[in-house]
Structure formats: C-alpha cells, structure tokens
There are 2 protein chains.
Amino acid sequence: MMELTRKGEYAIRGIIYLAQQPPGRVSLISEIAAAAEVPQTFLAKIFQSFAKLGLVTSSRGTGGGFVLARPASAITLREVVEAVEGPILPNRCLLGSACDRGGPCRVHAVWKQVQTEVVHILDGVTIDTLARNPEH
Amino acid sequence: MMELTRKGEYAIRGIIYLAQQPPGRVSLISEIAAAAEVPQTFLAKIFQSFAKLGLVTSSRGTGGGFVLARPASAITLREVVEAVEGPILPNRCLLGSACDRGGPCRVHAVWKQVQTEVVHILDGVTIDTLARNPEH
DNA sequence: CACCTTTAGGACCAATTTGATCCCTTTTAT
DNA sequence: ATAAAAGGGATCAAATTGGTCCTAAAGGTG
C-alpha cells in the first residue's frame with residue numbers, strides 16, 4: 001500500500017532533469033521526456049500541472065519550453081508529489097472534521113500522525129538535493 | 001495520495017469489533033458486518049485473509065465464527081492493514097535491490113525513510129488500544 | 001502577414017484495480 | 001440427515017490509472 005503511481009514517478013524524474021540544466025536554460029518537453037524515459041504526451045500533462053501550480057514557467061512557440069519557476073533548492077519533493085497525486089491523506093477521515101460514522105474515528109489520530117510524518121519527510125527534501133545526489 | 005482503501009477501513013472496523021467482545025466469544029461474520037456497517041460478503045473475504053495470516057481463528061458449522069487468535073494487545077494496526085492492503089511500500093523501487101533504470105534511484109532513500117516511519121507508527125498501535133479508545 | 005514551433009486543453013480509450021456479489025463446497029454441531 | 005457456518009472460486013460494475021490524439025492558442029521568424 002501507499003504506492004506512488006507512475007505519474008508521481010514521472011513527475012519526479014522530469015523535474016529532476018530540469019533542475020540539472022544550467023539555470024535559466026529552457027527545455028522542451030520532448031527533450032525532458034527522452035531524458036527521463038517517460039511517455040512524452042503523458043509528461044506534457046504533468047508539466048501542465050506544474051505550470052499551473054507555479055513550480056515551472058512555460059512559454060510557447062519557437063524557443064519555448066519549460067524552466068523551473070524557483071531555484072531547485074526552493075522546491076520540495078512534497079510539492080512535486082502533491083502536484084500530481086493530490087494531498088497526502090492516508091485516510092479519508094482526515095479531510096472533514098468528522099468521520100463518516102459520527103465523531104472522529106478511532107484510528108483518526110494515527111492517520112493524522114502518519115500524514116504529519118510523511119509530509120515532514122517530503123518537505124525536508126528539495127529537488128536540488130535530489131538532482132545533485134550522486135547515488136544514481 | 002497514500003489513501004487507505006475501503007478494504008482497509010472495513011478490516012480495521014471489523015477487527016476492532018472482535019476485540020471489543022468478551023475474550024473467547026465467537027462472533028458470526030453477519031454480526032460483525034452489521035455492527036461495523038460493512039457489506040457482509042466483502043467482510044467475509046477480509047476475515048478469510050485474517051484467518052490465513054493467523055490474526056483470527058475461524059470455525060465452521062453451528063456455533064462457528066471468528067475469535068481473535070491472540071490478545072488484541074498483541075495485534076498491531078500494521079498487521080491488520082498489511083493483511084488486506086499488502087506491505088507498506090511507498091515506491092516500487094523499495095522492492096528489488098535496484099530501481100528500474102539501473103542502480104538505486106535518487107529518491108530511494110527518501111521512500112525508504114517514509115516506509116520506515118509509517119511502519120514504526122503503525123507497529124506502535126495495537127487493536128486493543130483502538131478498541132478501548134473513548135474517542136469514537 | 002503567413003508559417004512554423006511549441007505548450008494548453010479537451011476528448012477519448014484500454015488496462016488495471018477496487019468494491020463488491022453469487023454460488024457452490026466443506027466443515028461441524030445437533 | 002440436516003442445518004449452520006466459513007472457504008473459495010467465478011464473475012461483474014465502477015472507478016482509477018496510464019496513456020493517446022486532436023485541435024486551439026500563443027509566440028517567434030522571414
């Protein structure tokens with residue numbers, strides 16, 4: 001359980017590639033897809049999400065492409081993952097104030113703790129760290 | 001992301017009910033399903049998994065049903081969740097020694113850390129604790 | 001302007017997973 | 001024998017995942 005989907009994997013691989021480019025260099029989606037070994041049309045959708053959320057800036061037309069919107073050191077793994085997979089919610093009952101059967105359910109506090117821990121870990125990792133990581 | 005499925009929710013609700021019964025008391029699947037407000041046939045499958053894994057003992061025929069195989073204080077939330085959802089694996093690459101593209105991937109260590117933390121949290125919660133929890 | 005390049009966005013689709021249900025078999029007590 | 005349970009397999013609809021395709025929009029260039 002708790003598995004990252006392909007979309008999440010592709011998102012991470014793609015943005016790491018961007019982070020490895022010289023600052024300010026524009027990359028085509030075709031280039032990123034080839035480098036990250038990811039289906040191009042699928043990756044295009046992922047980068048659309050990134051652009052909407054302000055993780056990357058996109059430009060169209062000749063010379064267009066994608067650049068990180070912020071330094072890689074200011075983009076966390078959590079942001080990237082949540083951009084495509086949605087918020088980290090181990091159990092539905094973390095959403096509303098009450099579980100489905102009246103009052104917070106018995107395991108509510110446990111899931112809350114899991115959520116907090118995972119968010120904390122993913123917030124502590126930046127794309128810059130991953131991009132520089134020699135462990136390849 | 002990281003959401004528990006219905007199966008996981010049902011599993012937890014069902015085993016908590018069992019833990020709330022007087023020690024040694026046999027419960028019918030129909031009774032558990034009604035109390036936990038879970039589809040009976042679906043819950044039956046879940047309890048089959050429990051029985052196979054030795055979390056509960058089952059007996060057939062008149063007077064048959066389910067009982068916890070161990071004291072509720074000796075059954076962890078992790079066991080219950082993993083019984084129906086499979087092992088806690090945030091990323092596929094935690095499975096084999098290498099990621100799909102040669103060598104451990106850049107995020108490998110992060111997912112390993114997430115896995116370790118979640119397992120630790122869920123191992124620290126017993127069904128007994130949940131069953132007694134006044135927060136309902 | 002016309003034309004090419006590139007992302008944006010929507011529609012669509014196949015495969016897989018999820019969430020069940022049904023039916024028949026096996027075991028066990030009476 | 002018979003009734004009462006769980007065991008196990010087949011089946012199925014709905015949702016999600018993983019992707020493709022096509023057209024539109026935007027931005028450079030001659």
Side-chain angles (χ1 to χ4, degrees), chain A residues 1-15 18 25-34 36-69 81 83-87 89 91-92 100, chain B residues 1-15 18 25-34 36-69 81 83-87 89 91-92 100:
Chain A
M1 78 166 295
M2 315 197 89
E3 275 190 38
L4 198 69
T5 64
R6 295 286 162 109
K7 203 158 138 190
E9 273 186 51
Y10 295 167
I12 296 168
R13 297 222 293 250
I15 207 163
L18 253 201
R25 175 162 174 238
V26 174
S27 302
L28 299 184
I29 195 69
S30 55
E31 176 193 340
I32 306 170
E37 295 176 54
V38 159
Q40 178 177 332
T41 55
F42 199 19
L43 191 66
K45 298 297 186 186
I46 292 169
F47 270 70
Q48 268 182 42
S49 309
F50 285 167
K52 270 189 195 161
L53 289 164
L55 296 182
V56 305
T57 51
S58 64
S59 46
R60 304 201 227 187
T62 312
F66 296 92
V67 195
L68 291 186
V81 169
V84 296
E85 305 258 27
L89 290 173
N91 191 264
R92 296 171 180 84
D100 46 346
Chain B
M1 80 166 294
M2 314 198 90
E3 275 191 39
L4 198 69
T5 64
R6 295 286 163 114
K7 203 159 140 190
E9 273 185 50
Y10 296 167
I12 295 169
R13 298 222 293 250
I15 208 164
L18 253 202
R25 176 161 173 241
V26 173
S27 302
L28 299 185
I29 195 71
S30 54
E31 176 193 340
I32 306 170
E37 296 176 52
V38 159
Q40 177 177 334
T41 55
F42 198 20
L43 191 65
K45 298 297 187 187
I46 293 170
F47 270 70
Q48 267 183 42
S49 309
F50 285 166
K52 270 188 195 160
L53 289 163
L55 297 182
V56 305
T57 51
S58 64
S59 46
R60 304 202 229 186
T62 313
F66 296 92
V67 195
L68 290 186
V81 169
V84 296
E85 306 257 27
L89 290 174
N91 191 265
R92 296 171 180 81
D100 45 347

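Chain letters run A, B, ... following the sequence lines, proteins first, then strands; residues in each count from 1.
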**Student:** From CZ of Phe50(B) over to P of dA6(D), roughly how many Å is that when rounded to an integer?
**Tutor:**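 Nearest whole value for this atom pair: 15 Å.
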**Student:** dA4(D) P sits how many Å from Ile29(B) CD1, rounded?
**Tutor:**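 Result: 18 Å.
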**Student:** Which is more 5' along DNA chain D, the nucleotide nearest Glu85(A) or the one nearest Ala51(B)? Just name the residue.
**Tutor:**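 It is Ala51(B) whose nearest nucleotide is closer to the 5' end.
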**Student:** Considering non-hydrogen atoms only, spot the tightest contact between Val26(B) and Glu31(B) and give its length.
**Tutor:**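 In terms of heavy atoms, the two residues are closest at O-OE1, 4.4 Å.
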**Student:** Taking all non-hydrogen atoms of both residues into account, name the closest pair between Val84(B) and Gly8(B) and its distance.
**Tutor:**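 That closest heavy-atom pairing would be CG2-CA, 3.9 Å.
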**Student:** Tell me, which of residues 38-47 of chain B have any heavy atom that sits under 4.0 Å from an atom in DNA chain D?
**Tutor:**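 Under 4.0 Å from DNA chain D: Lys45(B).
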**Student:** Can you identify which nucleotide, out of dT6(C), dG18(D), dA8(C), has its nearest atom closest to the Leu28(A) side chain?
**Tutor:**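 Nearest nucleotide to the side chain: dT6(C).
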**Student:** Determine: side-chain N/O of Tyr10(B) to OP1/OP2 of dA20(C), distance under 4.0 Å, yes or no.
**Tutor:**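 It does, given that an N or O in the side chain of Tyr10(B) lies less than 4.0 Å from OP1 or OP2 of dA20(C).
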**Student:** Separation of Glu9(A) atom CD from dG19(D) atom C1', in whole Å?
**Tutor:**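 Roughly 15 Å, once rounded to whole Å.
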**Student:** How does protein reach along nucleotides 25-30 of chain C, written 5' to 3' as B (base within reach of a heavy atom under 4.0 Å), S (only sugar-phosphate), or - (no contact)?
**Tutor:** -BBBS-
**Student:** Just how far is it from atom CG of Leu68(B) to atom CG of Leu55(B), taken to the nearest 0.5 Å?
**Tutor:**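 One gets 9.0 Å once the value is rounded to the nearest 0.5 Å.
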**Student:** Whole-Å distance between dT17(D) P and Arg6(A) CZ?
**Tutor:**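 That distance rounds to 13 Å.
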**Student:** Donor-acceptor pair, distance only, cut-off 3.5 Å: does the side chain of Glu85(A) make one with the backbone of Thr5(A)?
**Tutor:**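 Pair found, side chain donor or acceptor close to backbone of Thr5(A).
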**Student:** Round to the nearest Å and state the distance from Glu31(B) atom CD to dA4(D) atom C1'.
**Tutor:**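 So the CD-C1' distance, Glu31(B) to dA4(D), works out to 15 Å.
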**Student:** To the nearest Å, give me how far apart NZ (Lys7(B)) and P (dA15(D)) are.
**Tutor:**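 Spelled out: NZ on Lys7(B) to P on dA15(D) is 19 Å.
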**Student:** How many whole angstroms separate atom CZ of Phe66(B) from atom P of dA5(D)?
**Tutor:**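 From Phe66(B) CZ to dA5(D) P: 12 Å.
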**Student:** Please state how far atom CG in Leu18(A) lies from atom P in dT7(C), giving the value in whole angstrom units.
**Tutor:**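 Taking atom P of dT7(C) as the reference, CG of Leu18(A) is at 11 Å.
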**Student:** For Ser49(A), enumerate each residue passing the side chain to side chain contact (heavy atoms under 4.5 Å, CB included) test, keeping only those at least two apart in sequence or located in another chain.
**Tutor:**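 Listed in chain order: nothing, the list is empty.
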**Student:** Report yes if a side-chain nitrogen or oxygen of Gln48(A) is closer than 4.0 Å to either non-bridging phosphate oxygen (OP1 or OP2) of dT7(C); otherwise report no.
**Tutor:**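 For dT7(C), neither OP1 nor OP2 has a side-chain N or O of Gln48(A) closer than 4.0 Å.
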**Student:** Counting distance only, does the side-chain N/O of Arg13(A) pair as donor-acceptor with the main-chain N or O of Glu37(A) below 3.5 Å?
**Tutor:**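 Yes.
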